[in-house]
Undergrad: 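I'd like to ask some things about the structure below.
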Amino acid sequence: METTDIEIKLHNTKTRKKEVFTPIEADNVRMYVCGPTVYDRAHLGNARPVVVFDVLYRLLRKVYGENSVTYARNFTDVDDKINARAAETGREIGDITAETARWFLEDMGALGALEPTHMPRATQYIPQMIAMIETLIAKGHAYAAEGHVLFAVDSWKQHYGNLSGRSVDDMIAGARVEVAPYKRNPMDFVLWKPSDASLPGWDSPWGRGRPGWHIECSAMADDLLGETFDIHGGGNDLMFPHHENEVAQSCCANGDDSFARYWLHNEMLQVEGKKMSKSLGNFFTVRDLLNQGYPGEVVRLVFLQTHYRKPMDWTDKKAKEAEATLRKWRGLTAGVEPAANASAAVLAALADDLNTAGAIAELHKLAAAGDAAGLLASAQLLGVLTEELGDWAGGPSVDLSTHEARLFEARQKAMETKDFSEVDRLKAAYLAAGLEVRMSKSGVELIASGDFDPAKLEEL
């Protein structure tokens, strides 16, 4: 069901402010998100933009209609990291990229991510890349040198850096750029580079070679979504140089400054308060967590508890709390048909620059009010409480609503008898089990903390 009366506001990196989202065509909303380089398993940080833009995709489909939204997310399957992995393992590049792309889709599916409309592979778009490079050369924005083709940043100097908020002079002063004798300017970046017999390559006007990373997304976005489209997304680590270079290439090739109208960037991820790194021993792939017994739905809910433009901290405590919450919600909604529409408050939160944390707060309110149908419809808009992600919850669980009713009944009786010993006993037992006890005139709420141990309730 479409709800086109909802006004979506998104923080546009391009303008540094939150803006009302107005698509170019309401029946043809287009979004491009930079996908993975397929040489290894996706780590936890790689999953954050997938979940963030999956929520946006779901919201856009809700507002404009499922058939009115086109979402493209690429696979980079030609890259020096892939070449290095092939050299290390002795495996064929095609085998590595096909396997890794399959792993990626399986792992992201386990987190509840819908598959995009298009999932282009860079190697399928080499002719389009070569054509775009030829156009850039013809227009004076690129030049060939020693088997390479480079983008001439000076030809776009008045605009280059606008997305990331940097000036070319500042970038040159502080940049770690590849120094090469064939470059006219240290900031010029590679569009095409030569390949020897040991590397993958394609015939081109500049000899056998392969594309630079940045030109790939420009060519794929142009072919699938057009010269101008609505939204371009990715992690903020891609803002410079990747997205900056995409803007330069695409605008110069097309002769205008349009390209993507709204740019969204998610912040990075930490683990237990520290930057994720192999040296610290806190580096996890998504598959590592799944194999350790963390349900994909739990991982997704932890992600959604932090606004996408804020750094996210993955902790075991958050995961345990998310698991307890989802068990409670799944118990409440078991056998219930979802409401016809998601809660207006949940929709409003998501429409306000994807405020997933605010939306989850509204889900808690729906659960507390006992609105199981509304909770189910609203949670599914966020990609949780879906049938696909529910298998993990079939194991042992505790129905906290039974304990809430028990404590409420004991308190009601104590109000009459003035004997609160049973109330105190139950409260102490719940606290010892890792439950927060909230009591009010209207009822009792038990909330699981990261230390919740269901086994401690078995004796009650």
Side-chain angles (χ1 to χ4, degrees), residues 33-54 76 79-89 96 99-101 103-113 164 174-178 213 233-243 265-326 356-357 360 392 434 448-453:
V33 175
C34 289
T37 299
V38 282
Y39 68 99
D40 206 347
R41 288 277 188 185
H43 61 68
L44 199 56
N46 298 143
R48 192 178 190 197
V50 173
V51 173
V52 166
F53 291 101
D54 180 68
T76 293
D79 185 88
D80 289 344
K81 291 178 181 177
I82 302 171
N83 301 337
R85 183 56 54 89
E88 289 169 12
T89 61
I96 293 172
E99 178 182 62
T100 311
W103 285 347
F104 181 84
L105 292 176
E106 289 173 354
D107 292 349
M108 298 308 110
L111 303 188
S164 57
R176 294 162 59 187
V177 296
E178 180 188 1
W213 174 34
N236 68 357
D237 58 324
L238 299 180
M239 192 187 308
F240 183 86
H242 185 51
H243 290 166
H265 291 94
N266 64 274
E267 256 288 358
M268 296 296 97
L269 176 141
Q270 298 177 322
V271 174
E272 301 289 349
K274 296 179 180 179
K275 182 179 179 180
M276 187 169 66
S277 71
K278 291 180 180 178
S279 63
L280 292 175
N282 66 352
F283 181 92
F284 302 108
T285 67
V286 173
R287 182 51 53 179
D288 288 336
L289 287 181
L290 296 172
N291 288 344
Q292 289 169 24
Y294 292 93
E297 186 175 38
V298 169
V299 178
R300 184 182 182 93
L301 187 62
V302 173
F303 278 12
L304 297 180
Q305 288 171 346
T306 302
H307 192 275
Y308 78 93
R309 288 197 298 111
K310 293 182 179 179
M312 197 212 100
D313 189 19
W314 169 271
T315 68
D316 188 59
K317 181 174 184 289
K318 287 181 180 178
K320 287 179 178 177
E321 290 173 347
E323 179 174 343
T325 294
L326 286 166
T356 53
I360 290 170
W392 70 273
S449 71
D451 300 322
F452 177 48
D453 182 0

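Note: hydrogens, waters and symmetry copies are ignored here, and every other heavy atom, side chains too, is used.
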Undergrad: Set out, in order, the CA-CA distance, both residues' side-chain angles and the distance that settles side chain to side chain contact (heavy atoms under 4.5 Å, CB included) for E297 and W392, then state yes or no.
TA: CA-CA 9 Å; E297 186 175 38; W392 70 273; 2.7 Å; yes

Undergrad: Please report the shortest heavy-atom distance between F283 and M276, naming the atom on each side.
TA: CA-CG, 3.5 Å

Undergrad: Looking at every non-hydrogen atom in both residues, tell me the closest pair between T100 and I96 and how far apart they are.
TA: OG1-O, 2.7 Å

Undergrad: Mind listing the closest non-hydrogen atom pair of H265 and R309 along with its distance?
TA: O-CG, 3.9 Å

Undergrad: Would W314 and L44 count as a side chain to side chain contact (heavy atoms under 4.5 Å, CB included) here? Give the steps.
TA: CA-CA 9 Å; W314 169 271; L44 199 56; 3.8 Å; yes

Undergrad: Suppose the criterion is salt bridge (Lys or Arg N to Asp or Glu O under 4.0 Å): which pairs have a residue in residues 40-50, not counting sequence neighbours?
TA: D40-R85, R41-D107

Undergrad: Looking only at heavy atoms, which two atoms of D237 and M268 are closest? And how far apart?
TA: OD1-CE, 3.4 Å

Undergrad: Got a second to check how far T89's OG1 is from Y39's OH, nearest 0.5 Å?
TA: 13.5 Å

Undergrad: V51 versus L111: any side-chain heavy-atom pair under 4.5 Å?
TA: yes

Undergrad: Got a donor-acceptor contact below 3.5 angstrom from the N266 side chain to the N236 backbone?
TA: no

Undergrad: Within a radius of less than 6.0 Å around OH of Y294, do more than 12 heavy atoms belonging to other residues, nucleotides or ligands occur?
TA: yes

Undergrad: Yes or no on side chain to side chain contact (heavy atoms under 4.5 Å, CB included) for V302 and E321, after CA distance, side-chain angles and deciding distance?
TA: CA-CA 9 Å; V302 173; E321 290 173 347; over 6 Å; no

Undergrad: Which atom names give the shortest non-hydrogen contact between G45 and P49, and what distance separates them?
TA: O-CD, 3.3 Å

Undergrad: Might you work through the side chain to side chain contact (heavy atoms under 4.5 Å, CB included) test for Y308 and T356, ending with a clear yes or no?
TA: CA-CA 8 Å; Y308 78 93; T356 53; over 6 Å; no

Undergrad: Report yes if some heavy atom in the side chain of N46 is under 4.5 Å from a heavy atom in the side chain of P36; otherwise report no.
TA: no

Undergrad: Of all heavy-atom pairs between H243 and G234, which one has the smallest distance, and what is that distance?
TA: CE1-CA, 4.1 Å

Undergrad: To the closest 0.5 Å, what do you measure between OG1 (T315) and CD (E272)?
TA: 5.0 Å

Undergrad: Drop me the distance from T306's OG1 to D313's CG, to the nearest 0.5 angstrom.
TA: 8.0 Å

Undergrad: Counting N and O atoms only, with roles assigned by atom type, does the side chain of Q305 sit under 3.5 Å from a partner on the main chain of M312, one being a donor and the other an acceptor?
TA: no

Undergrad: Checking A113 now: which residues fulfil side-chain contact (heavy atoms from CB on, under 4.5 Å) with it, not counting sequence neighbours?
TA: V50, D54, M108

Undergrad: Please examine the side chains of P311 and L269, heavy atoms only from C-beta on, and report whether any two atoms are closer than 4.5 Å.
TA: no

Undergrad: Taking atom NZ of K320 and atom NZ of K318, what is their separation to the nearest 0.5 Å?
TA: 15.0 Å

Undergrad: Among residues at least two apart in sequence or on other chains, which ones pass side chain to side chain donor-acceptor pair (under 3.5 Å) with N83?
TA: D80

Undergrad: Starting at CG of L326, measure out to CG of L301 and round the result to the nearest 0.5 Å.
TA: 5.0 Å

